[in-house]
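See structure below.
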2 protein chains.
Amino acid sequence: MPYHHGNLRTALLERAAEVIAKHGIEALSLRGLARDLGVSHAAPGAHFADRKALLSELAREGFRLSVDAMHAGAAAAGRDPVARYRALGRSYVQFARENPSYFRAINHPEVRAHDDDALREARAAWVTTLREGVQEAQAAGWHPEADPEVLLAFSCAAASGAAEMLSDPSWAGAFGAADVDALADAVLDLVVHRSRTSVLPLPDDERKVS
Amino acid sequence: MPYHHGNLRTALLERAAEVIAKHGIEALSLRGLARDLGVSHAAPGAHFADRKALLSELAREGFRLSVDAMHAGAAAAGRDPVARYRALGRSYVQFARENPSYFRAINHPEVRAHDDDALREARAAWVTTLREGVQEAQAAGWHPEADPEVLLAFSCAAASGAAEMLSDPSWAGAFGAADVDALADAVLDLVVHRSRTSVLPLPDDERKVS
DNA sequence: GGTCGAACTTGTCAATGCCAAGTTCGTGAC
DNA sequence: GTCACGAACTTGGCATTGACAAGTTCGACC
C-alpha cells in the first residue's frame, strides 16, 4: 500500500458521482469520500478546497459530457438543421436521465452560486452549442423573423426545463404519459414543430404530429 | 419576555425566507434561525423535524403563492384563453424573479427528494393550474391536434426552465438581451405564438412578434 | 545528497443536527 | 382551585462534518 494514492483526484470524482447517484447530493461529504477511498479525512483537501469545488468540477464535467452527447445526437440526426436542433434538446434530456449525478451537479444551487472560470467556460460552451443549433435552424427557415437571442433563451429554457422535469421522479409522475421517452420526443416536437409551420403548413410536418 | 415565543413557527418561516434571499439556502440552519429569533437551539424542532421539513414548507407556500400569481396574471390578461395561458407562464417567471427564496425552495434538491403529502398536493395544484390553462387554450384552437398531456409537459418545462434561467444571475447573463423583462415576454411569445398559426397564419399574431 | 513542493496524515476546534431529560404554561376535567 | 396532560420550549450531551494547522512522505530537480 503506497503512501500516495496515486490518482486520488479522479477517484474522488468517480466516487462522488456514485454517491450522488445512489444517495443524492445531500449525502455527499468530503470525509465520507475519504473514508470510502481509504485515505485520511483531510486528504481530499489537496485536490478540492471544499465540497462546492468538487461539485463544480462534476458540473463542469457534466456540461462537457452533455455537449458531447448533444453533438453526437445532432450528428446522428442527419443533415436537416431543424432536425439537428431538435436532436440537441432530445439528447440533453437523455443525458439528464442517464447521468443523474452530473445533471444534478449542473443544477445544484451551491454550484450555481459558485462563480469560477472553468465552470463559466463550460456553461458558455453549452450555451454556444445551442446557439449554433439555433443559428443553423434559423438560417434554414425556422423562426426566420425572430431575434436569435430570444430563440436561444427559449431553447435553453425548454431544454433545461424538459431535462429537469423528465428526469426527476417527483415531477415525471405529474404527466399522464406512461412512456417518458415518448413524452420527451413529443415535447421536443412541440419545441421545434410549430416554428416550421409559422409561414406555411407543410404536409410532411403535419403527419409527424399525428 | 414570556416563556413561549407565541408565534415561533411563522417567525421561523419568515426568517428563513430572509436568510435565503440574502445568503442563499446553503446558509440556512435551524440553530442559526433559533439564534436570530432569540430562542433555544432546539426550539425549532417543535415545529419542523429538520431543515428539509422547513424548506418543504417554504416550497409548499411558494407553490401556493405562485399559483395565486398565475391566476392573477391570467385574470389580468382578459378573456382570450391563449393570452391567459401565456400569462400563466409569464407570471411564473415574474414570481421567480420577485420571490427568490420561495422559488429556490421549490427547486431545491433536498425538497425534491422530500416526498410528503402537503408538498405533493401543492405541486399537483401548480400542475393543475397549467393543465387548466392548456385545456382552455386548446379548446380555443391552440394546438388542436396535440395530446393534452404532452402540451402540459411542454408547458411545465418551458415555464420552469424560463423561470430558472431568467431569475438566476449565473444564467441570465448568457443571453444577449439587456432587458430581462422584455426577454421573458419574448420567450413566452415563442411558447404560445407558433401554436396559434399551426393551421392558418393570423395577421394580428404576425404583428405581435415583429 | 539536499531542497522543495505536492500529496498526504494526524490532531484540534467550532458549528450543526439529533436526541433526551427537564421546565413552562395553557386547557380541560373534576 | 387542583390536577393531568400535551405542546412549546430549555438545557445538555454526542456524533459528524468542515476548517485549519503542524507534521510526514516522496518524487523531481539541482
Side-chain angles (χ1 to χ4, degrees), chain A residues 1-20 22-59 104-105 108-116 118, chain B residues 1-20 22-59 104-105 108-116 118:
Chain A
M1 208 37 79
Y3 177 80
H4 283 113
H5 181 281
N7 206 16
L8 184 56
R9 191 172 190 278
T10 299
L12 285 166
L13 290 167
E14 285 171 356
R15 183 60 195 156
E18 287 167 11
V19 170
I20 294 172
K22 192 172 297 188
H23 304 294
I25 286 186
E26 65 273 10
L28 186 70
S29 74
L30 293 184
R31 283 198 183 210
L33 294 180
R35 257 192 322 266
D36 291 348
L37 298 175
V39 295
S40 71
H41 77 267
H47 303 280
F48 301 104
D50 49 30
R51 195 179 90 131
K52 192 189 293 185
L54 174 69
L55 279 175
S56 293
E57 182 59 28
L58 277 177
R104 287 183 205 170
H108 199 266
E110 284 172 44
V111 172
R112 288 266 177 85
H114 189 67
D115 211 15
D116 76 52
Chain B
M1 211 33 82
Y3 177 80
H4 282 109
H5 181 279
N7 204 16
L8 185 57
R9 192 173 188 278
T10 300
L12 286 168
L13 290 167
E14 284 173 357
R15 183 61 194 152
E18 288 168 11
V19 169
I20 295 172
K22 191 172 298 186
H23 304 292
I25 285 187
E26 64 275 8
L28 185 71
S29 75
L30 293 185
R31 284 198 183 211
L33 294 180
R35 256 191 322 267
D36 291 347
L37 298 176
V39 294
S40 71
H41 78 267
H47 303 280
F48 302 102
D50 49 30
R51 193 177 91 128
K52 192 188 294 184
L54 174 69
L55 279 175
S56 292
E57 182 59 30
L58 276 177
R104 287 181 206 170
H108 198 265
E110 284 172 43
V111 172
R112 289 266 178 84
H114 189 67
D115 211 15
D116 76 52

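Here is how names work: the chains are called A, B, and so on, in the same order as the sequence lines, proteins then strands, and each is numbered from 1. Fair warning: this is a prediction, and the values are worked out from it, not measured in the lab.
Going from atom CD of B:E26 over to atom P of D:dG18 covers 15 Å, rounded to whole Å. D:dT17 atom P lies 10 Å from atom CG of A:D36, rounded to whole Å. Atoms CG (B:L33) and C1' (C:dG17) sit 13 Å apart, rounded to a whole Å. Per the geometry, CG belonging to A:L30 stands 18 Å off P belonging to C:dT16, to the nearest Å. Look at CD on B:E110: it is 10 Å from P on C:dG17, rounded to the nearest Å. As rounded to whole Å, 17 Å separates atom P of D:dT16 from atom CG of A:L28. Between the C1' atom of D:dT17 and the CZ atom of A:F48 lies a distance of 18 Å, rounded to the nearest Å.
Screening A:R15, A:R31, A:K22 for a salt bridge (Lys or Arg N to Asp or Glu O under 4.0 Å) with A:D36, the sole residue that qualifies is A:R15.
Among residues two or more places apart in sequence or in another chain, the side chain to side chain contact (heavy atoms under 4.5 Å, CB included) test is passed with A:A42 by none.
When the side-chain nitrogen and oxygen atoms of A:R35 are compared with OP1 and OP2 of D:dT17, one or more of them lie within a distance under 4.0 Å.
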Under-3.5 Å N/O pairs linking protein and nucleotides 4-10 of chain D:
| residue | atom | partner | partner atom | Å |
| --- | --- | --- | --- | --- |
| D:dA8 | O4' | B:H4 | NE2 | 3.4 |
| D:dA8 | N3 | B:H4 | NE2 | 3.4 |
| D:dC9 | OP1 | B:H5 | N | 2.6 |
| D:dC9 | OP2 | B:H47 | NE2 | 2.7 |
| D:dC9 | O2 | B:Y3 | OH | 2.4 |
| D:dT10 | OP2 | B:S40 | N | 2.4 |
| D:dT10 | OP2 | B:S40 | OG | 2.5 |
| D:dT10 | O5' | B:S40 | OG | 3.4 |

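Residue-to-nucleotide contacts include no donor-acceptor pair under 3.5 Å from the side chain of A:R51 to the base of D:dG18.
Listed for the A:R104 side chain is a donor-acceptor partner under 3.5 Å among the backbone atoms of A:I20.
Closest of all the heavy-atom pairs between B:P109 and A:H108 is CG-CD2, 3.5 Å. Across A:S56 and A:V111, no two heavy atoms sit closer than the pair N-CG2, 4.0 Å. For the residue pair B:L13 and B:L58, the shortest heavy atom distance occurs at O-CD2, 3.9 Å.
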